[in-house]
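Working notes, structure below.
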Amino acid sequence: MSTLSIDRTSRWFGNVVAVNDITMDIGPGVTGLLGPNGAGKSTLIHMMGGFLAPSNGSVTLDGTRIWRNEQTYRQIGLVPEREGMYDFLTGYEFVLANAELHQLSDPAAAAAEALATVEMEYAQDRRVSTYSKGMRQRVKMASALVHQPSVLLLDEPFNGMDPRQRMQLMELLRKMGDEGRTVLFSSHILEEVEQLASHIEVIVAGRHAASGDFRKIRRLMTDRPHRYLVRSSDDRQLAAALIADPSTAGIELDQAEGALRVQAVDFTRFTALLPRVAREHGIRLYTVSPSDESLESVFSYLVAA
Amino acid sequence: MFNPTVARLTYRALLGRRRALILCALPLLLIVVACAVRAMNGADDQVATQLLGGFALATMVPLIGVIAGTGAIGPEIDDGSVVYLLAKPIKRPSIIFTKLVVATGVTAVFSAVPVFVAGYVLNGNSQQIAVAYTVAALVASVAYSALFLMLGTLTRHAVVIGLVYALIWEALFGSLVEGAKMLSIQQWSLALAEKVAGTGADVTSDVALPAALVLLVVITVGGTILAGQKLRTLTLAGEE
């Protein structure tokens, strides 16, 4: 069990601030690092992987500094975004070389096991240069897993993968997280993070915008509109009563659905208002469901904020 | 210090691809020319010195040094694959040391060995000329490898800078400007050749032997240490 700690960390390049005073702890399980392109995700991952010094603050693994400390790589497995990976080797030779570089006692066995984990044995004797994008990604995974690290860092691992490869990798990462490893992956694609990560850290323009599971992130922004689908015994009367309160910004009577679409601006107040109003008017509530708790909407609010 | 896995990856990268062809071309040319000269002129110490000094040591050895020295690390840094070496519990200077050993070995095999062969072909090692230039090529292999390996860690344009140094500074300025010869691996290694060669051979260096030896050690050790330090703080070019 390992925890990555980022403490009041900034990183700037000349006049450009890529990471701005971020503090976060990343513990066991799968964490998604979410943000638009250029938000500072790669910079952050490079600092966590020991390939960039923080300009300010500290980046540590279980209390040990990562920058200029080769020994931390015994715990860290790294899956870089870039494609360069000794294309003249076969998949097996590549993973074996990684195992040897980790000074494992039985590199051949470790390489075989790692290749089995990513289900690449069938192509392990082909040169890396002949691999598809997804195969390369899996061999990179094998090389990162070969020393059984407690921390796995992946920079945009799903880029360029087809849906089937994506699902396989997600399954693998989920398994790693369930085993108690600290798995961190970055992505700018919301549904990837939503599907995979139990915990999300949102980075926008170098700043730490939000943290938590995605419902929590959603609720953190109480001043943002929340949409609900409400079905009741008297939709019209309920609508009239709700709109009278300032916590409700808009209501649509959806005839086709036979339901109300409510847009609330004050989350806390609205959640108290709805049952109270219903009781006062003798209206029965059949359905109250958040209709936009997709990461897409969470994210667009965050970016706009 | 020496890591066999790093060595294996390095020499396979160096000797694979198109690089191996370029590495073979110049030594072959040297030996072919040596054979032709011998066949047409017979054995001649003067011609042997001119060919080994003017072409082999002045042009071939530094060119092969540039290819092997920068090629031992530059492409890996360029395409990002060096991350697989760096993200390991291995001391970064030992990666550089291993790469220096491999680059030196490759440079020596592709430069000192053909120099020795060509020297024997040219005049049968009369006046110790073949041995003298072989020693010079060996010593130059170490120094060039260290210098160009260091360049490979410092800049993406290591090949160009290396070629400019080898061909323009050493070859052109070295023959025109007296002072430039003082800062020339070619001249330093020639000082050794001068010592080894017979007194009748016209092998001369503009640098005294003690100074040459000191400078050779300084460039080799200094370059290696600097490269090791650079690798410890290597920042991989980000995507953002």
Side-chain angles (χ1 to χ4, degrees), chain A residues 11 13 16 18-19 35 37-47 49-53 67-89 93-103 107 128 140 143-144 146-147 149 153 155-156 159 186 206, chain B residues 1-21 23 71-99 102 106 152-153 156 227-240:
Chain A
R11 171 72 209 201
F13 299 95
V16 182
V19 166
N37 280 327
K41 301 187 299 293
S42 282
T43 305
L44 206 53
I45 288 202
H46 277 140
M47 288 195 284
F51 285 99
L52 203 56
W67 175 243
R68 291 185 71 157
N69 180 6
E70 295 97 355
Q71 291 306 313
T72 56
Y73 293 117
R74 293 191 191 280
Q75 271 105 55
I76 298 178
L78 213 60
V79 182
E81 184 184 7
R82 294 182 69 182
E83 287 296 306
M85 52 187 291
Y86 301 97
D87 284 14
F88 51 88
L89 298 177
E93 288 171 335
F94 178 73
V95 179
L96 179 68
N98 277 279
E100 290 173 2
L101 291 167
H102 273 296
Q103 292 144 13
V128 173
K140 281 196 222 167
S143 78
V146 77
H147 60 303
L153 298 176
D155 198 359
E156 296 279 355
N159 261 3
S186 70
Chain B
M1 275 307 265
F2 184 82
N3 185 304
T5 310
V6 174
R8 194 175 74 231
L9 291 172
T10 305
Y11 80 69
R12 284 194 60 178
L14 269 181
L15 299 182
R17 310 181 200 179
R18 272 161 295 170
R19 231 174 254 115
L21 284 176
L23 284 172
I73 195 149
E76 276 170 282
I77 294 179
D78 255 1
D79 74 4
S81 54
V82 73
V83 70
Y84 297 99
L85 298 186
L86 301 183
K88 297 291 185 293
I90 301 173
K91 294 254 172 257
R92 306 268 166 100
S94 85
I95 296 175
I96 287 294
F97 175 77
T98 304
K99 285 183 173 288
V102 174
V106 168
T153 63
R156 286 176 167 241
Q229 287 307 310
K230 172 65 190 171
L231 209 60
R232 286 200 70 189
T233 55
L234 186 74
T235 298
L236 292 174
E239 276 70 41
E240 297 187 34

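Naming: A, B, ... by sequence-line order, numbering from 1 per chain. What you are looking at is a predicted structure, and each value in this text was computed from that prediction instead of being measured. For the numbers below, each heavy atom of this structure counts, side chains included, while hydrogens, waters and symmetry mates do not.
Side-chain atoms of B:Leu15 and A:Phe88, non-hydrogen and from C-beta on, never get closer than 4.5 Å to each other. Side-chain contact between A:Glu100 and B:Asn3 is absent, with no heavy atoms from C-beta onward closer than 4.5 Å. By the 4.5 Å heavy-atom criterion applied to side chains, A:Tyr73 and B:Ile90 are not counted as neighbours.
In terms of heavy-atom proximity, B:Pro89 sits nearest to A:Leu101 at CD-O, 4.1 Å. The two atoms that bring B:Tyr84 and A:Ser143 nearest to each other are CE2-OG, 3.7 Å, heavy atoms only. Summarising the geometry of B:Ala87 relative to A:Phe51, their closest heavy-atom pair is N-CZ, 4.0 Å, with the distance given to 0.1 Å.
A:Ala53 does not touch chain B: none of its heavy atoms, backbone or side chain, sits under 4.5 Å away. Proximity to chain A (any heavy atom under 4.5 Å) is restricted, for B:Arg8, to the side chain, taken from C-beta onward. Only the side chain of A:Phe94 comes within contact range of chain B, with heavy atoms under 4.5 Å apart. Of the two parts of B:Leu9, the backbone and the side chain both hold a non-hydrogen atom closer than 4.5 Å to a non-hydrogen atom of chain A. Looking at B:Ile95, there are no atoms closer than 4.5 Å to chain A (heavy atoms on both sides), in backbone or side chain.
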Test side-chain contact (heavy atoms from CB on, under 4.5 Å) applied to B:Arg92 and A:Arg68, step by step: CA-CA 10 Å; B:Arg92 306 268 166 100; A:Arg68 291 185 71 157; over 6 Å; no
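Ion pairing of B:Arg12 with A:Glu93 is present here, as a side-chain N (NZ or NE/NH1/NH2) and a carboxylate O approach within less than 4.0 Å.
With values rounded to the nearest 0.5 angstrom, B:Asp78 atom CG is found 7.5 Å from A:Arg82 atom CZ. Atom NZ of B:Lys88 sits about 11.5 Å away from atom CD1 of A:Ile76, to the nearest 0.5 Å.
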